[in-house]
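Everything below concerns the one structure shown next.
Per chain, numbering begins at 1; letters A, B, ... match sequence-line order. Quick note: numbers below take in every heavy atom, side chains included, and nothing from hydrogens, waters or symmetry partners. On a predicted model such as this, the values are computed, not experimentally measured, just so you know.
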There are 2 protein chains.
Amino acid sequence: MSTEGAKRQPKYQRIADELRDAIQSGRYQPGDRLPGENDLMAGHGVARMTARQALGVLQSEGIAESRKGAGVFVRSFRPLRRQGIKRLAQSQWGEGRSVWAVDTEDRTLVVDQVSVTEQGAPERVARVLGVEQGDPVCVRSRRFVLDDKPVLIATSYLLASLVAGSAITQEDTGPGGIYARLAELGSKPVHFREEIRSRMPSTDEAEQLKLSTGTPVMLICRTAFADEGRAVEVNEMTLDSASYILEYAFDA
Amino acid sequence: MSTEGAKRQPKYQRIADELRDAIQSGRYQPGDRLPGENDLMAGHGVARMTARQALGVLQSEGIAESRKGAGVFVRSFRPLRRQGIKRLAQSQWGEGRSVWAVDTEDRTLVVDQVSVTEQGAPERVARVLGVEQGDPVCVRSRRFVLDDKPVLIATSYLLASLVAGSAITQEDTGPGGIYARLAELGSKPVHFREEIRSRMPSTDEAEQLKLSTGTPVMLICRTAFADEGRAVEVNEMTLDSASYILEYAFDA
DNA sequence: AAGTGGTCTAGACCACAGC
DNA sequence: CTGTGGTCTAGACCACTTG
């Protein structure tokens, strides 16, 4: 054994480490192709499955991604900044601005797969809205696509009895969006709570967001409150974690 | 083929799907042992590596975790709630309360691996603090362990010239922590910004937080500002995503 | 057409957990 | 000790991308 000493880690880990170092030191740039399975087999004298396992490590770390028939490549990132408090300031939606305009920075954001239906409230939503499970709610779903890459899926739940007949039940909610309409209905949102979690995506989520392996999702559950602490909307969002930085700024 | 029609997915996916359904329908509860590699080989008539791949899917989704020599088990979760704005309200630290006391909910939280050193500022920190890269900063690191499970690693950076001689350079910062001391030094934090990202952990992070495979980390970078928008602290935190729900509540 | 990654098989030896 | 998952080999066929 030429390299005496530290040799207690498996071969595939040593290969993965070597590639990771090469990436972090800049020898491979974002978008570059890494040595393929055949290269690693030849270069390290190892079986196919072992070379494959090494590349699998980098993919599950989110550092590299494979493209069928082409190779394994170093991933590149260019996240959006989502300003959680500023975006919901009244000046944003009070005058008919789209809340989404603020963080796109000259890239094109398309809204996709819009659907508006009336359904029975799921248990967790019913609890927050203060109704019974199965009570009718208006469910608004939509997907946001940035430069052909889906980055966010959002589903809003609102009390059907509250929004019946308003533009909220239409695909186009009009200037200022849902919150401007709620204000007109006498349920102006004055307080918000956002809860954030992160986990690996389900198969469905990975498909809808076109996520490459090793990419977690961030989940934001926002509740909008009108006066008296009355919850008027629950919005569940699923974000591609590689596409977003969330920002919250506030005073002590 | 008995089940005609939809048979275009690989065997390992079908096996994984079947197990996932069984978990989500409650047939396997958190903590339960799943069928092992041998069971799947026998039950589905597949090779070892295929059964293994199926179990690997569930692990990389964070749904299951393997224990060497024992089996593969359904994971269980019990996250903390971290109230991002409330925790930094002045009433919390103004009277000597530990900011961490608010969210432990009767479980025991231990602070671990405390270190206080003086180093040259890394580039990204220097930029935020408004100094030159390499300028001396006080670096405070610590790890938080909840019921024997590490959940958070935090590293604070403060201008060395600002905090020299204060308790901030000691392991024990005294009642009210860093922010109370900064206030005494005439740099009371009045504004905060928190930036949140998520990604898969590095090997180091996975070790320090004892993460099981398929668990992302959440990164919080908090900047504390004194009067005139002067940045006085940068705090980089790495959280086990399975242990935390972040919460931000604010008015429109 | 050649090369790539994706799936799959049928073996092997090892370290570790639990009985 | 027996069974478990972790590593590793040496083949195979396939679908896809690219030149």
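- When the P atom of C/dT4 is taken as reference, atom CG of A/L34 falls 13 Å away, rounded to whole Å.
- The side chain of A/A70 sits closest to D/dT17 out of D/dT17, C/dC8, D/dG5.
- Taking every heavy atom of residues 38-50 of chain B and every atom of DNA chain C, pairs under 4.0 Å involve B/V46, B/A47, B/R48, B/M49, B/T50, by number.
- Protein atom CD of A/E65 is 13 Å distant from nucleotide atom C1' of C/dG5, rounded to whole Å.
- Spacing between atom CZ of B/R52 and atom P of D/dT4 amounts to 13 Å, rounded to whole angstrom units.
- A/S198 is linked by a side-chain hydrogen bond (donor to acceptor under 3.5 Å, both in side chains) to B/S198, counting only residues two or more places apart in sequence or in another chain.
- Using a 4.5 Å cut-off on side-chain heavy atoms (C-beta onward), A/L58 and A/L34 make contact.
- Summarising the geometry, the separation between CD on B/E37 and C1' on C/dA12 is reported as 14 Å, rounded to the nearest angstrom.
- Relative to the side chain of B/S66, the nucleotides D/dT7, C/dT9, D/dG5 differ in distance, and D/dG5 lies closest.
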Run the numbers on B/L19 and B/L40 for side chain to side chain contact (heavy atoms under 4.5 Å, CB included), then give the verdict.
CA-CA 10 Å; B/L19 290 173; B/L40 295 178; 4.2 Å; yes
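- Under 4.0 Å is where a charged nitrogen must lie from a carboxylate oxygen, and between A/E123 and A/R127 at least one such pair does.
- Here the P atom of nucleotide C/dT7 and the CD atom of B/Q9 are 11 Å apart, to the nearest Å.
- In this structure B/R75 satisfies the side-chain hydrogen bond (donor to acceptor under 3.5 Å, both in side chains) test together with B/S212, B/T215, sequence neighbours excluded.
- Inter-residue side-chain proximity for B/V128 and B/R193 is flagged as met; some heavy-atom pair is nearer than 4.5 Å.
- Rounded to an integer number of Å, the gap from A/K11 NZ to D/dG6 P is 19 Å.
- Nucleotide C/dA17 holds its P atom 12 Å from the CZ atom of B/F73, rounded to whole Å.
- At a threshold of 4.5 Å between non-hydrogen side-chain atoms, the residues B/D147 and B/T108 count as touching.
- The side chain of A/Y12 contributes an N or O atom lying less than 4.0 Å from OP1 or OP2 of D/dT7.
- In this structure, B/R67 does not reach the C/dA17 phosphate: none of its side-chain N or O atoms is under 4.0 Å from OP1 or OP2.
- Within the 4.0 Å cut-off from OP1 or OP2 of D/dT18, not a single side-chain nitrogen or oxygen of A/K68 is found.
- When rounded to the nearest whole Å, the span between CD of B/Q13 and P of C/dG6 equals 13 Å.
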